Number of protein chains: 2
Amino acid sequence: MAKRSSSSKEVLLGLLTIEPMSGYDLGQVIRDSIGHFWNESYGQIYPNLKKLAAEGFVGSKAERQKDKPDRRIYSIAPKGRKRLAEWLAIEPQPEIPRNELLLKLFFGAQASIETLVGFVERMAEREGAQLRNFERIHAELEKGRQYPGTPYWKMAARFGQIELDAHLRWTQESLAELNKIAGKRRSRSLTRSEERHGTK
Amino acid sequence: MAKRSSSSKEVLLGLLTIEPMSGYDLGQVIRDSIGHFWNESYGQIYPNLKKLAAEGFVGSKAERQKDKPDRRIYSIAPKGRKRLAEWLAIEPQPEIPRNELLLKLFFGAQASIETLVGFVERMAEREGAQLRNFERIHAELEKGRQYPGTPYWKMAARFGQIELDAHLRWTQESLAELNKIAGKRRSRSLTRSEERHGTK
DNA sequence: GGGTGCATGTAATGGGTTACATGATTCT
DNA sequence: AGAATCATGTAACCCATTACATGCACCC
């Protein structure tokens, strides 16, 4: 059997140790704070909160807001803290990534160089922007208010920084390599066209 | 709607451009050559090959072997090459990774430092071994027989190298950081126990 | 009145792993 | 005889995204 158990509920428990939140808040925090290494959709968050509440891992209470729609605030229960602690003690399984860009590059011989260059360039742009964002976040964690979690959040942000920096170095190297290949392909096709036209 | 379409069939087509192979072979090649950025289970490979054959994207023929069980060899058809080319031209979507180790580290304030240190140490060991493996693969691609795909395979291997190297630097930095935190936690609890015992 | 952000949910769909099932061949 | 590797396949299950559905409050 070995169910994937999947950590989706535990993320919610973990975030609720920071402070009580609504499902909507959790969605935002996941996207903005741990989005670079974890994400959850609302189609996952709301049902899981309901289940966690039904099983006594979290408490919930309705909150009336005057300027915004009402909402339901969840807070972690002792039973939830226990579950979180147990999960935290389990050795994390090395994840199996799926990198479509690398896959397409791997099959590069079947593709046009211009296309591949475009893919890598866009990756560099995207990840460059992300990197600058991480540097901002890391700086804020340094000077902002210190929570018990701050040192750990910084380590996670550093991971993003270091990894993105590595990716950017790879994009530079690969763009150079792709240019070399493009040069060769061009000269080869020139040769062939010269042959066809009886030149040289 | 926007079906995930998922690239699972295209990987098979892509690998079959290298040479005709059986489903079993494809499983091995996926694990050994592109396993660091893509993987497929046999429960995915066999049914997809069948579908690809039924739709005319690949051809298949039975092969009798005297020293091993019989097997079915698949080869890419012109229609399959077309499909592959179309897929290759589509901008790859940035993947959404799920890194359980980072997630647990992010909630580090709720865990024991010794546990976290163990996680990171094991990650360093695992990825260190993978890095050495990549260096070997990259060297073999340099000196081995040159296929049309070789330059691209090298780029993919370099990605693995560069990324793993970055990860290892992060593990070193993080282990140092965790040690600092452990020191603080110890002195804090010592202080508290001194207070309890009326020391100082 | 319409757009946007806040807020909560359900249902359909589907991708993918895991487990199960079977069998040949070779080596010890 | 049993273990290991080669080889192919199916079925169950489940995780997760996406789409759909609804409604409040606020501002232009």
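Throughout, protein chains are lettered first and strands after them, A, B, ... in sequence-line order, and every chain is numbered starting at 1. These figures come from a predicted structure and were not determined experimentally.
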Closest to the [X] side chain: [options]?
X: A/S6; options: C/dA7, D/dC15, C/dG15; value: D/dC15
X: B/S8; options: D/dC15, C/dG16, C/dT26; value: C/dG16
X: A/R98; options: C/dG9, C/dT26, C/dT17; value: C/dT17

Where each residue is assigned the nucleotide of DNA chain D containing its nearest heavy atom, which of B/R72 and A/D67 is assigned the position nearer the 5′ end? B/R72

For the helix from C/dG1-D/dC28 to C/dT28-D/dA1, figure out the bend between the end axes, five pairs an end, and round to 10 degrees.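 Comparing the first five pairs with the last five, the axes sit 10° apart.
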
Looking at [Y], is [X] sitting on its ring face, NZ or CZ under 6.0 Å from the six-membered ring centre and within 45 degrees of the normal?
X: B/R145; Y: B/Y147; value: yes
X: B/R122; Y: B/F119; value: no
X: B/K104; Y: A/W87; value: yes

Check whether A/L164 and B/F37 end up in the same hydrophobic cluster, where Ile, Leu, Val, Met, Phe, Trp and Tyr are linked by side-chain heavy atoms less than 4.5 Å apart. no

Assigning hydrophobic clusters by single linkage (Ile, Leu, Val, Met, Phe, Trp, Tyr; side-chain heavy-atom cutoff under 4.5 Å), is B/I181 placed with A/L88? yes

With DNA chain C as reference, determine whether B/Y42 or A/P69 sits nearer its 5' end, using the nearest nucleotide of each.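 It is A/P69, whose closest nucleotide lies nearer the 5' terminus.
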
Give one of base, sugar-phosphate or nothing for A/R64, where a contact means two heavy atoms less than 4.0 Å apart.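 Counting heavy atoms under 4.0 Å across all strands, no contact is made by A/R64.
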
Given A/F106, which of B/W153, B/Y152, B/F159 fulfils the ring pair (Phe, Tyr, Trp, His ring centres under 6.0 Å) condition?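 Considering B/W153, B/Y152, B/F159, a ring pair (Phe, Tyr, Trp, His ring centres under 6.0 Å) with A/F106 is found only for B/W153.
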
Can you list, by residue number, the residues of residues 14-41 of chain B that have a non-hydrogen atom closer than 4.0 angstrom to DNA chain D?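 Close to the strand are B/S22, B/G23, B/Y24.
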
Measure the distance from [atom1] on [X] to [atom2] on [N] and round it to the nearest whole Å.
X: B/D70; N: D/dG9; atom1: CG; atom2: C1'; answer: 15 Å
X: A/Y46; N: C/dA11; atom1: OH; atom2: P; answer: 17 Å
X: A/K66; N: C/dC6; atom1: NZ; atom2: P; answer: 16 Å
X: B/K68; N: C/dA24; atom1: NZ; atom2: C1'; answer: 13 Å
X: B/N48; N: D/dG9; atom1: CG; atom2: P; answer: 13 Å
X: B/R71; N: C/dT22; atom1: CZ; atom2: P; answer: 24 Å
X: A/Q44; N: C/dA12; atom1: CD; atom2: C1'; answer: 15 Å
X: A/I73; N: C/dC6; atom1: CD1; atom2: P; answer: 14 Å

Do A/R169 and A/Q172 pair up side chain to side chain, a donor and an acceptor below 3.5 Å, judged on atom types alone?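 The answer is no; no qualifying pair exists.
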
Donor-acceptor side-chain pairing of A/R72 and A/S60 below 3.5 angstrom: yes

Phosphate-side-chain proximity, A/K50 and C/dT8, N/O vs OP1/OP2 below 4.0 Å: no

Short side-chain N/O contact to D/dA7 OP1/OP2 from B/Q65, under 4.0 Å: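 Yes, within the criterion.
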
For B/E142, check salt bridge (charged side-chain N to carboxylate O under 4.0 Å, His left out) against everything at least two apart and list the hits.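 For B/E142, the residues satisfying salt bridge (charged side-chain N to carboxylate O under 4.0 Å, His left out) (neighbours in sequence not counted) are B/K154.
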
If we only count heavy atoms from C-beta on, is the A/I45 to A/Y24 side-chain gap below 4.5 Å?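 In short, these two side chains do not touch, never coming nearer than 4.5 Å.
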
